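Note that ligands are numbered from 1 as they come in the structure, with each ligand's atoms numbered from 1 the same way. What you see is a predicted model, and the numbers here were worked out from it, not measured in a lab.
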Amino acid sequence: MGICVSSDEKAEREKLKKTKIIFVIGGPGSGKGTQCEKIVAKYGFTHLSTGDLLRAEVASNSPTGSQIKDIMQNGYLVPLEIVLKLLRNAMLQKINTCKGFLIDGYPREIKQGLEFEKMIAPPTIVLIITCSADTMKQRIMKRAATSSRADDNEATIVNRLETYFRSTDPIIAYYEKRGLLRKVPAEGDADVVFNECCKVIDIIL
Ligand SMILES: Nc1ncnc2c1ncn2[C@H]1C[C@H](O)[C@@H](COP(=O)(O)OP(=O)(O)OP(=O)(O)O)O1
Ligand SMILES: Nc1ncnc2c1ncn2[C@H]1C[C@H](O)[C@@H](COP(=O)(O)O)O1
Ligand SMILES: [Mg+2]
């Protein structure tokens with residue numbers, strides 16, 4: 001017997017499939033959030049950062065929040081099922097008013113990308129923001145002076161960078177092969193980087 005899918009769920013899936021979805025990936029501190037803010041201001045897209053969703057879950061003191069607090073504080077990846085459930089719920093909450101989604105910080109592993117396509121829809125493009133590990137480290141250490149993020153410290157940055165470099169090459173290869181990857185160099189000033197992001201986005205509008 002097949003799995004029974006309600007008509008509401010079918011309608012939601014159809015809407016998600018018709019909406020533009022941009023994955024925004026890149027190392028810790030590369031500038032994903034900064035670029036997403038600028039993109040939202042210009043294009044009116046909806047920005048969902050998996051890191052922000054997970055931090056909100058921790059702040060809520062829910063059982064899931066307690067489960068993931070140490071993982072995040074130490075710079076490791078939160079289990080896929082937890083991230084994808086939060087992300088899907090957040091997307092469904094916005095689907096009726098959304099001009100397009102910027103999914104910041106997802107996927108972190110190929111498996112996350114595959115599950116997203118199964119549960120939600122394929123991405124329109126994958127924007128990767130690239131800069132050196134030194135630049136990322138410097139940006140995070142500067143941000144640490146004012147951010148309240150538990151993972152903005154030297155020891156955790158080492159783990160976050162290791163985690164990023166270990167899992168990212170296969171992701172790049174996977175989306176490059178499908179013609180979906182768009183690389184944006186991010187060593188320069190945020191406005192220069194934004195200009196490059198716009199060139200990529202204008203093509204899919
Ligand atoms: N192009 C840039 N030049 C200089 N500083 C930048 C640039 N882009 C961002 N920043 C600053 C803003 C922040 O204080 C810090 C990290 O940027 P941010 O957008 O928060 O990165 P991110 O979202 O990729 O990091 P994380 O993965 O840790 O959430 O660097
Ligand atoms: N997509 C994700 N998968 C697993 N874990 C994640 C994901 N997005 C964020 N996280 C966890 C692990 C990260 O170190 C922290 C902070 O994320 P950030 O994108 O730097 O805000 O959250
Ligand atoms: Mg961020």
Side-chain angles (χ1 to χ4, degrees), residues 21 23-41 47-59 64-65 67-91 101-117 119-120 123 126-168 170-171 184-198:
I21 297 176
F23 286 160
V24 182
I25 61 173
S30 57
K32 302 179 294 296
T34 303
Q35 292 307 317
C36 285
E37 264 183 41
K38 289 175 178 291
I39 295 167
V40 168
H47 175 208
L48 294 174
S49 147
T50 47
D52 287 348
L53 293 171
L54 293 166
R55 279 185 287 279
E57 194 63 28
V58 171
T64 303
Q67 191 189 336
I68 64 177
K69 187 176 176 184
D70 283 353
I71 300 175
M72 293 178 70
Q73 198 152 337
N74 289 303
Y76 299 118
L77 293 183
V78 169
L80 158 62
E81 307 72 45
I82 294 177
V83 186
L84 189 53
K85 189 173 169 194
L86 287 173
L87 183 54
R88 187 171 188 276
N89 287 343
M91 290 179 79
F101 286 108
L102 293 168
I103 309 293
D104 161 358
Y106 191 102
R108 273 348 206 235
E109 297 173 309
I110 290 192
K111 203 170 160 217
Q112 291 193 357
L114 296 176
E115 280 302 303
F116 185 99
E117 291 199 30
M119 301 292 295
I120 301 170
V126 179
L127 187 64
I128 180 162
I129 296 186
T130 62
C131 57
S132 71
D134 274 352
T135 301
M136 293 185 222
K137 225 183 283 176
Q138 278 168 25
R139 287 181 185 169
I140 296 179
M141 288 316 290
K142 199 167 166 196
R143 183 177 68 186
T146 52
S147 90
S148 53
R149 282 182 55 163
D151 57 352
D152 276 358
N153 62 73
E154 263 189 87
T156 307
I157 291 169
V158 172
N159 289 344
R160 288 163 72 193
L161 284 167
E162 260 180 33
T163 304
Y164 174 72
F165 285 115
R166 198 181 327 115
S167 60
T168 300
I171 297 181
V184 173
E187 288 294 339
D189 181 86
D191 285 331
V192 174
V193 180
F194 178 57
N195 201 29
E196 294 306 307
C197 290
C198 291

Aromatic ring pairing Y106/F116, orientation class (parallel under 30°, perpendicular over 60°, tilted between):
tilted
With respect to M72, determine whether any N or O atom, backbone or side chain, lies less than 3.5 Å from an N or O atom of ligand 2.
no
If you measure every N or O of R55 against every N or O of ligand 2, does any of those distances drop under 3.5 Å?
yes
Just to confirm my output: which protein heavy-atom neighbour is closest to atom 13 (C) of ligand 2, and how far is it?
R108 NH2, 3.5 Å
Quick test of your reading of the structure: of V78, L53, D52, L54, whose heavy atom lies closest to atom 9 (C) of ligand 2?
L54
Answer yes or no: does an N/O atom from P107 fall short of 3.5 Å to an N/O atom of ligand 2?
no
Heavy-atom distances under 4.0 Å are what count here, so tell me which part of Q35 touches ligand 1: side chain, backbone, both or neither.
neither
Are any of the N/O atoms in K32 less than 3.5 Å from those in ligand 2?
no
Against ligand 2, does R149 come closer than 4.0 Å with any heavy atom?
yes
Could you tell me whether some N/O pair between Y76 and ligand 2 is separated by less than 3.5 angstrom?
no
List ligand 1 atoms under 4.0 Å from P28, heavy atoms only on the residue side.
27 (O)
Check this for me - ligand 2, Q112, N or O atoms closer than 3.5 angstrom, yes or no?
yes
